[in-house]
Structure formats: C-alpha cells, structure tokens
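Okay, so here's the structure we're looking at.
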There are 2 protein chains.
Amino acid sequence: MSLEQEIKQTRPFKSNYEKALVNIMFTNNWIHFKQNKYLKPFDISIQQYNVLRILNGQKDQPITINEIIDRMLDKMSNASRLVDKLYAKGYVSREQKVGNRRACDVTITPKGISFLEDVTKSIKGIEKDMNSLSEVEFDELNRLLDKIRK
Amino acid sequence: MSLEQEIKQTRPFKSNYEKALVNIMFTNNWIHFKQNKYLKPFDISIQQYNVLRILNGQKDQPITINEIIDRMLDKMSNASRLVDKLYAKGYVSREQKVGNRRACDVTITPKGISFLEDVTKSIKGIEKDMNSLSEVEFDELNRLLDKIRK
DNA sequence: TTGTAATATATGTAAATACATATTTCGGAT
DNA sequence: ATCCGAAATATGTATTTACATATATTACAA
C-alpha cells in the first residue's frame with residue numbers, strides 16, 4: 001500500500017524529499033512493530049537484542065561499554081543499563097578491564113549465544129514479510145540510504 | 001559515510017536484505033536525532049509535533065482521536081495523552097462531538113497554527129542536512145520503501 | 001607531586017512508550 | 001425496554017528513553 005493510503009493523507013506531499021522523510025520513519029515503525037512482535041516471546045527489548053548481536057559479532061573478544069555505544073544504532077541509549085539487564089539474565093559477563101580500572105570488559109556468555117540463536121531463528125520470520133524487493137533493489141535502497149546521510 | 005563505518009562493523013552484512021533492515025533503522029535514528037535537535041528549543045516532542053501537523057492538515061475541519069491514530073506514523077502511541085499535552089499548551093481545542101458523546105472533535109487553534117509555522121520554519125534546517133539526493137533519487141527511494149512494505 | 005582536564009561508566013529523573021484495562025456511550029438483537 | 005457486545009476514549013503502570021549529572025580513574029602539564 002502506498003504511504004499516502006497508509007496514513008490516510010488526502011493531499012499529496014509537497015516534495016519527494018518530504019515524503020521520503022515520512023516514509024523512512026513510517027517504514028521504521030513498521031519494522032519496529034514486527035521486530036517487537038517476534039522478540040516479545042523472548043522477553044527482550046530490541047535494544048537489548050541489538051547489544052547482544054554486537055557482542056556476538058565480537059565472538060570471545062571482549063568489548064567495553066564505549067565500544068558498544070560506538071556500534072549501536074541508537075547512540076543515545078544507555079548502554080550500561082542495557083548491559084545490566086543482559087547481565088541479570090546471564091547473557092553477558094562483565095569484569096573490570098586489566099590495566100584500566102575505569103573501563104570494563106563485556107563478553108557474551110554461552111547462555112547468551114544459545115539464546116541469541118533461538119531468537120535469530122524466530123526473527124527470520126520478518127524476512128518472509130519483507131521479501132518483496134530483489135537483491136538489486138535492496139542494494140539500491142542501501143545506496144540511497146547511505147547517500148542520504150551524506 | 002557507509003553504514004558499516006558508522007557502526008564500526010568489521011565483517012560485511014550477510015545480505016543486502018539484512019543491511020537494508022539495519023540501514024532503515026540507523027537512518028531513522030539519524031533523522032530522529034536531527035528532528036529532536038530542532039524541536040528541542042520549542043519544548044515539544046516529535047510525536048506532539050506530528051499530531052499538530054495532522055491537525056493542521058485538516059485546517060478547520062475537526063478530527064477525532066481515532067482518526068488521529070489512523071493518520072499517525074506510530075499507531076501505538078497514546079493519542080489521547082498527546083492531545084492532552086497539546087491542549088494544555090493551548091495548541092488544540094477539544095470538545096464532545098455532537099451526535100456521539102463518546103467521540104470528541106479536536107481542532108488546531110490559531111495559537112497552534114502560528115506555533116507550528118515557527119517550528120516548521122526552523123525545522124527546514126534538516127532539509128539542508130539532507131540535500132544529497134536528487135529529486136529522482138528521492139522518488140526511487142520512496143518507491144522502494146513503499147514496495148518493501150508490500 | 002599536585003592540580004586539572006579528559007575518559008569511562010553509573011546514577012537520577014522527567015518524560016515518553018507500550019501495553020493492559022477501565023469507563024462511558026452507542027447500536028442492535030431479543 | 002433491556003441486555004450485550006462493540007466503539008471511542010481515558011487511565012494505570014512497568015519499562016524505556018533522553019538527558020543531566022555524579023563518581024571514579026587516568027593522563028598530563030606545571
């Protein structure tokens with residue numbers, strides 16, 4: 001369905017620029033809603049899921065809170081409290097970094113890895129809801145989004 | 001800058017699909033951050049701003065809470081409390097609908113209209129930060145985003 | 001060494017979000 | 001008329017977000 005129909009907008013957008021702005025936000029909410037739906041049974045928030053994925057990408061290589069923030073999509077979030085939550089669930093370990101008592105080393109635990117595998121398996125469902133673009137189109141979409149941020 | 005660099009991702013994405021998912025979310029956060037920056041001086045949240053724009057689009061035609069939800073980007077939000085906030089600031093009026101005492105008519109006030117004009121003038125600044133795509137490219141981006149949601 | 005700024009993280013908090021649930025009113029069916 | 005389910009909005013509340021600020025540690029200059 002076209003964006004205009006989805007948000008019941010009667011008059012057309014002033015420009016493609018303006019529509020694109022709204023379109024990105026609307027599509028993001030659309031994705032967010034789906035992700036939430038798939039994550040809900042696992043009792044984990046999207047932000048926590050993303051942090052866990054970052055840690056998983058590091059394999060057994062520890063990473064500091066600051067490095068997590070660097071890699072996060074939403075830089076504003078409170079990484080240390082997100083790590084708290086994951087720690088409470090036993091999905092990550094956290095210990096003082098040797099040689100720098102300010103920083104701390106965060107690593108995903110085996111429990112975290114296996115949990116993430118389960119979630120990832122389930123969340124593949126989104127892919128089925130989003131298979132309308134060809135590989136070439138996805139590529140073009142990525143090019144445009146990269147370019148929009150200059 | 002490429003997405004991979006922005007989020008310091010060392011290994012490449014598994015697919016263009018997966019990158020697109022992350023790219024939409026990242027770009028949305030990027031826009032969100034900018035919008036917040038421009039809205040901050042006006043002491044209004046993005047959601048409130050969007051509701052005000054919906055009401056403005058109606059001109060003097062009143063609209064119910066349910067119709068606002070229909071037109072919102074984020075359907076999950078609490079439209080009635082957003083309207084509360086705008087009402088408290090004097091930007092909207094709200095009265096019981098004639099013929100249906102459940103529903104209520106919400107309209108933007110002259111104060112709301114003039115406030116929105118000020119905000120819109122300021123928020124044009126984002127446009128300057130986002131002028132890297134041509135009209136044709138914005139059009140193509142819109143086509144792809146519309147299509148991704150089937 | 002001592003003071004000062006920078007770094008890394010943690011904490012406090014007001015507001016917003018995501019839901020669940022309640023309240024009021026309306027539209028039929030019986 | 002009255003009962004019942006649906007509709008429209010309001011309210012409750014746990015969690016998350018967006019910041020500001022605090023704490024602790026380090027680096028470095030004088």
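First the proteins, then the strands, lettered A, B, ... as listed; each starts at 1.
Protein atom CD1 of A/Ile69 is 15 Å distant from nucleotide atom P of D/dC19, rounded to whole Å. Rounded to whole Å, the distance from CG on B/Leu82 to C1' on C/dC19 is 15 Å. The CG atom of A/Leu39 sits 15 Å away from the C1' atom of D/dT15 (whole-angstrom rounding). To the nearest angstrom, C1' of C/dA14 lies 10 Å from NZ of B/Lys85.
Residue-level contact check: B/Lys37 touches neither bases nor backbone, having no heavy atom under 4.0 Å from any strand. At the heavy-atom level, A/Asp84 lies nowhere under 4.0 Å from the strands shown. At the heavy-atom level, B/Gln48 lies under 4.0 Å from the strands shown only through sugar-phosphate atoms.
Ionic pairing of B/Lys8 and A/Glu67 is not present here: no N-O contact between side-chain nitrogen and carboxylate oxygen is shorter than 4.0 angstrom.
Looking at A/Arg102, its side chain has no donor and acceptor atom pair within 3.5 Å of the base of D/dA24.
The closest side-chain donor-acceptor pair between B/Asn66 and B/Arg102, if any, does not fall under 3.5 angstrom.
Each of A/Asn100 and B/Cys104 was assigned the nucleotide of DNA chain D with the nearest heavy atom; the assignment lying further toward the 5' end belongs to B/Cys104. Closest-nucleotide positions on DNA chain D for B/Thr64 and A/Arg81 were compared, and the one nearer the 5' end corresponds to B/Thr64.
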